[in-house]
Each structure stands twice: as C-alpha cells, then as structure tokens.
Amino acid sequence: MQLRTLLPLTLLALSATTFAKPLVVCTDASPEGFDVVRYNSLTTTNASADVLFNRLVEYNAQQGKLVPSLAERWSVTPDGKAITFTLRDKVAFHSTAWFKPTRPLNADDVVFSFQRMLDPNHPWFKTAPTGYPHAKSFQLDKLIKAVVKVDNRTVRFELNQPDATLLPLLTMGFASIYSAEYAAQLAKTGTQEQLNNQPVGTGPFVFQSFAKDSAVRYTANPAYFGGKTGSERLTYAITPDSNVRVQKLKAGECQIALGPKPQDLQEAHADARLRVITTPAFMTGFVAINSQHKPFDDKRVRQAINLAFDKVNYLKVVFAGSAIPASNPFPPSTFGYNKAIKDYPQDLIRAKKLLAAAGLGNGFDTTIWVRPAGSTLNPNPKAGAELLQADLAKIGIKAEIKVIEWGELIKRAKAGEHDLLFMGWAGDNGDADNFLTPQFSCAAVQSGTNFARYCDPQLDKLITDARSIADQKVRAANYGKAQQIIKEQALWLPLAHPTAASITTSNVSGYQVSPFGRVDFSKVIVK
C-alpha cells in the first residue's frame, strides 16, 4: 500500500472568551433543502454542505491538492481498487433541539452516508423523491463495490475498477457525512423527511431555522473539530436583487454579498467602506439546448443557434469585461482543455442556410428559460435572455422568454421540460471530469444534470474510460476528443468563464473567494 498522510486542518485561533460580531451574508436565492445529496445546485450546497457538514477529504484551492477533513489520512492499494480511510477521533455531531448524539462520528456514519445513495435496497434509498443526481451521474453505484466498516475509525471503499477521479469527487457537497444515529431516530418515528428540514452534521455551524425567500439562520458549533468559529451566529439573508445586496452592505445589514454584478464591483472599488475579493472561477455559463425536444434533435438547428448569437456583445453587456468567452465546457486552465477548438463565429447567413437545410426556412417558435435573479454565472439574466431572443429573431426563430423561480427552474430542467435554458456549472476540484460526466454522460440524462439531454455511446465511452486511466496523456486525449464531439454536436451555446467575486464590508477579515463557488465562513471575523 502507498500511504498518504497530510497535515491536520489548521485550527482557528481566536479569543478564548469572546466571539466577534454576528455574520450576515446576502445570498441570491433560497436553497432547495438541506439534505444535500438530493440536489445539485450551488445555492443548496452553499447553505448545507459548506456550513453544516464535512467530507472525508476536502480540496484546498490555494494549495491545489486534497487535504484531510473527517479522515485524517488515507491509503490506496497499488492496483487502485481499494481506498482505506482513517477517521479523526472524537468528532462530534451537532447537538440540537431535535437530536442529541450519544457517540462521536464513526465508520457507521460513513457507511450509511454512501450506502444510502448506492444501494436500492437500503431503507433510506427511496427517501429522496428525485433520487441522487451526483451519485447517479458519476455512476458511483457501478464504481463502488462496497463501503466496508473495518473498525470504528477505519472505512474501506472497495472498487470494481480503478478510478482517477474518485478521491477528488469525495470533496463535493454530495459526499457529506451524515449521522447514522440521527437517521435511525428519524426512521424509528417515520419522520425521515426531517433530514431535509432539520439537518444534523459535523460542520462549523448548526442549523437553527429557514424561512423561504427570507433567511437561513445558524449558530456556531461549540464542539467543531476545526476550532472555534469567527462568529457566534451566521445568517443567510436571501436577497435576489444584486443591487439590493450591495445597498444592504452599505447600510450594514450584511457584511458579505455573494454573486455581485460587474457594475456592482466597479462601484464597490470606489467605496472605502467596501472591499472586492475576486479569483478566476472554475465555472462555465451556458445555454443548454434540449436535444430531446424537436427541432433541437437536429444538430443543424443547434449549430444555427450558436451561429446566430453575438457572444462579443453578450459578454460586454452582461459581464462588462469580468469574464472570458467560453468555447468548451470548462475553462482553458483545466487539464485536458482542447485549445484547437474555436468558437462558432456569428454568421447569420450560414445559420439561415442550416435552418433551411433542416426544413425550417420559415423559422419556428420556442422558449428561453432563465432565472429571475443574477448570479456569478449569469449577472443579468433578463438582459442575456433578451440578447439571445433578439439574435434568434434575426434567423426567424421566435423565442418566448420564461422567467422561472430558481428552485422550480432546477426541478423542471432536471426533468427535461425546457427548450433553451440559461444555466451554469461550477466544478468542485479542478478536474475536467467534474464537467464532462455530470453534463454529458448518458447516466446524467437519467439523473437530470445533463441539461442538453444528449446520450451518445462514443462520447459516453470517452468520458467513462478517462476516469479509469492513470496515464495523464491518454486521459487528456480522451477529453480532447470528447470536447470535439460536444462542439460539433453544438449541445451547448457556451457563454462565459466568469471571475468569481464577493463584496465585503471593510471590517471583515478571514474570507476568501473560492474558484469553485464554495463558501467557508468558519474563519470570518467581523470586527
């Protein structure tokens, strides 16, 4: 066995007797729930996995590597078909009004957290009405043969084949570790749905309450293994309008605003009361074209949409220079990026010829789905949708814009109800597979995260094979071929790779913007 041991998490050093001021974060939308394994939106991950839970391992974006979390170390067998994790000792689950743990975290909790998603015969498997999108997309049920308790502090993942992406995948929100003891308590009383409404984790904050479209409230976890948090109380003030989020910052009603518009950043730079924090984002904004809806089942129609769109103008209007144009599903800095692929140029004549060849010379009617509020991946949804609508009209496509509340939009898009869908995707660990498997694999059509609804055996094999290949050159070659198919089939209208940014008040310290859209407020201090 090759043993890999990393240094433990750095403990937070604060005053032993006092907390700093409460922290209020202005966010853009309500989470879908708090049972994070059931969902795939970043909004939900931020409100659940990032503050309430921990994973076996985490990805440190600053260091660019995996680091310990609930597992203090791990080892991989030479054949790559087994990974053994040694758990930290005496990690406490949250003690709440609805649950009082009688023991610390142990291997039973890890086994429960994964077997629940992987085993259709597990008593908790059917408690997720819409299934487990990430586990399904990444085909973890086919990859993981068993999750075995060796002893209370040791868990072994036995795999059917080696997989170069599994350890990075375990840093994602869906891999959060739940309390098996709490689950047993809920099952005994027939109240399993409480797991989604009254969550219990090991994270830096403890859930208190949630009022949809208003606020999520948390208190500090006094027994957090990572040390004392910077604030005794944390509140997510749900504020869909970006301008209002900035006004709340200026008024002192919140100390951090997520997902600001580019124009907000320009104003904040000039305000001594505010600070702007940015980093290149491992994200892509795109319009998904539903290949299961006619006439989008014809690639000529999908190509025509790409050719009709003026991306240069879109980036100028919507991002104001805070993003680079997207040609491929993931950013150019990603391993395996195919630099040979060029963007579709705006060419209305060619677009009209393609529509005519597809028997649609007189155009057709369709819909554009978009969320109401701006975000990092789509700072101005209304403006972007109107620009696309106007460009499509130039080639005879009459598109109706439908503004749909975020939670409803995600739910219906996963069911494949959309035609054209403004969407974005944020990777969690810097790997190309973090985009390709959930967005373009056949399994992801079933789980709902493949918003293009496209299943192609050749593309699926390239993606799947790359996961089990250790040779980086061969993996890169697979990814290059996969991107070529995606481009030629015009499954997306790729839009932008944005800059991730947040605005804080000047009295905030300890906060960093993640390129993956994740949040960590455990070390944030409001002076």
Side-chain angles (χ1 to χ4, degrees), residues 28-32 39-46 130 133-134 137 173 240 259 281-293 296 302 305-306 309 311 314-315 318-319 323 325-331 366-389 392 399-428 434-441 444-454 486-487 489-498 500 516-517:
D28 61 347
S30 291
E32 300 153 273
Y39 307 109
N40 64 277
S41 78
L42 188 58
T43 298
T44 299
T45 297
N46 290 163
T130 56
H134 283 107
S137 296
F282 190 60
M283 304 177 186
T284 306
F286 60 92
V287 175
I289 305 173
N290 191 339
S291 64
Q292 291 182 342
H293 282 193
F296 304 117
R302 301 193 297 265
I305 288 172
N306 274 265
F309 191 58
K311 190 177 298 184
Y314 170 82
L315 290 170
V318 174
F319 283 93
S327 301
N328 285 328
F330 42 80
T366 190
T367 58
I368 298 171
W369 285 21
V370 69
R371 63 185 291 171
S375 66
T376 298
L377 282 157
N378 192 354
N380 194 331
K382 181 175 183 290
E386 289 174 348
L387 289 172
L388 178 58
Q389 180 187 50
L392 293 180
E400 177 191 359
I401 297 172
K402 292 192 173 184
V403 180
I404 302 174
E405 183 271 328
W406 176 241
E408 184 70 12
L409 182 142
I410 284 286
K411 179 181 177 182
R412 294 176 62 185
K414 285 171 65 177
E417 296 179 28
H418 59 284
D419 293 326
L420 303 175
L421 170 71
F422 272 85
M423 185 50 65
W425 193 258
D428 288 77
N434 231 209
F435 284 82
L436 296 179
T437 288
Q439 285 297 320
F440 300 103
S441 69
V445 176
Q446 301 297 320
S447 71
T449 62
N450 182 337
F451 296 111
R453 312 290 295 177
Y454 184 80
I486 293 164
K487 165 68 185 304
Q489 289 292 329
L491 304 177
W492 282 4
L493 168 53
L495 297 174
H497 303 301
F516 311 121

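Residues: numbered from 1 along the sequence shown.
- Under the salt bridge (Lys or Arg N to Asp or Glu O under 4.0 Å) criterion, Arg302 pairs with no residue at all, not counting sequence neighbours.
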Would you give me the side-chain donor-acceptor pairs under 3.5 Å for residues 410-417, sequence neighbours excluded?
{"unit_1": "Arg412", "atom_1": "NE", "unit_2": "Glu417", "atom_2": "OE1", "d": "2.8"}
{"unit_1": "Arg412", "atom_1": "NH2", "unit_2": "Glu417", "atom_2": "OE1", "d": "3.3"}
{"unit_1": "Lys414", "atom_1": "NZ", "unit_2": "Asn40", "atom_2": "OD1", "d": "3.2"}

Task: Derivation of the side chain to side chain contact (heavy atoms under 4.5 Å, CB included) call for Phe296 and Arg453 - done: CA-CA 11 Å; Phe296 304 117; Arg453 312 290 295 177; over 6 Å; no
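- Taking all atoms of both residues into account, the shortest heavy-atom contact from Ala426 to Asp428 is O-OD1, 3.7 Å.
- For the pair Arg371 and Ala373, the tightest heavy-atom approach, listed with the atom from each and the gap, is NE-O, 2.9 Å.
- The side chain to side chain donor-acceptor pair (under 3.5 Å) with Glu32 is formed by just one residue from the set Thr44, Thr130, Thr43; it is Thr44.
- Counting only distance, with no hydrogens or angles, the side chain of Thr45 and the backbone of Ser41 share a donor-acceptor pair below 3.5 Å.
- Within the model, atoms CG of Leu388 and CD1 of Ile368 stand 4.0 Å from one another, a figure rounded to the nearest 0.5 Å.
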TODO: Start with the C-alpha distance between Leu409 and Leu421, add both sets of side-chain angles, then the distance that settles side chain to side chain contact (heavy atoms under 4.5 Å, CB included), and finish with yes or no.
DONE: CA-CA 9 Å; Leu409 182 142; Leu421 170 71; 3.8 Å; yes
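- Atom CG of residue Leu315 and atom CG of residue Leu387 lie 10.5 Å apart, to the nearest 0.5 angstrom.
- In this pair, His418 and Phe451 present their aromatic rings perpendicular. The plane angle is above 60°, beyond the 30 to 60° band.
- Between Leu420 and Leu392 there is a side-chain heavy-atom pair separated by less than 4.5 Å.
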- [ ] Determine, stepwise, if the pair His293 / Thr366 fulfils side chain to side chain contact (heavy atoms under 4.5 Å, CB included).
- [x] CA-CA 10 Å; His293 282 193; Thr366 190; over 6 Å; no
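- Atoms CG and CZ, from Asn380 and Phe319 in turn, are 10.0 Å apart once rounded to the nearest 0.5 Å.
- The structure places CD of Gln439 at 5.0 Å from CH2 of Trp425, a figure rounded to the nearest 0.5 Å.
- For the residue pair Leu491 and Ala452, the shortest heavy atom distance occurs at O-CB, 3.7 Å.
- Partners of Pro331 under the side chain to side chain contact (heavy atoms under 4.5 Å, CB included) rule, at least two apart in sequence or in another chain, are Phe282, Thr284, Ser333, Thr334, Phe435, His497.
- Of all non-hydrogen atoms in Phe516 and Met283, the two that sit nearest each other are C-CE, 3.8 Å.
- Note that OG1 of Thr437 and NE2 of His134 are 11.0 Å apart. Values are rounded to the nearest 0.5 Å.
- Between Leu377 and Pro498, some side-chain heavy-atom pair lies under the 4.5 Å cut-off.
- Asn378 is listed as a side-chain neighbour of Val370, based on a closest heavy-atom distance under 4.5 Å.
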- [ ] Any chance you could lay out the side chain to side chain contact (heavy atoms under 4.5 Å, CB included) test for Phe330 and Leu436, step after step, and finish with the verdict?
- [x] CA-CA 9 Å; Phe330 42 80; Leu436 296 179; 3.9 Å; yes
Output a table of donor-acceptor pairs, distance under 3.5 Å, between side-chain atoms of residues 399-408 and any protein atom two or more places apart or on a different chain; print 'none' if there are none.
{"unit_1": "Glu405", "atom_1": "OE1", "unit_2": "Gly407", "atom_2": "N", "d": "3.3"}
{"unit_1": "Glu405", "atom_1": "OE1", "unit_2": "Glu408", "atom_2": "N", "d": "3.0"}
{"unit_1": "Glu405", "atom_1": "OE2", "unit_2": "Gly407", "atom_2": "N", "d": "3.0"}

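- With sequence neighbours left out, Lys487 forms a side chain to side chain contact (heavy atoms under 4.5 Å, CB included) with Ile341, Tyr344.
- Identified under the salt bridge (Lys or Arg N to Asp or Glu O under 4.0 Å) test for residues 373-385, with sequence neighbours left out: Lys382-Glu386.
- Expressed to the nearest 0.5 Å, how far CD1 of Ile486 lies from CZ of Phe440 amounts to 4.0 Å.
- A pairwise comparison of heavy atoms in Asp28 and Gly374 identifies OD2-O, 3.6 Å as the closest pair.
- Ser137 places no side-chain N or O within donor-acceptor distance of the main-chain N or O of Ser447, the cut-off being under 3.5 Å.
- For the pair Ile289/Asn306, a side-chain contact is recorded, criterion being any heavy-atom separation below 4.5 Å from C-beta on.
- In terms of heavy-atom proximity, Trp492 sits nearest to Pro494 at O-CD, 3.4 Å.
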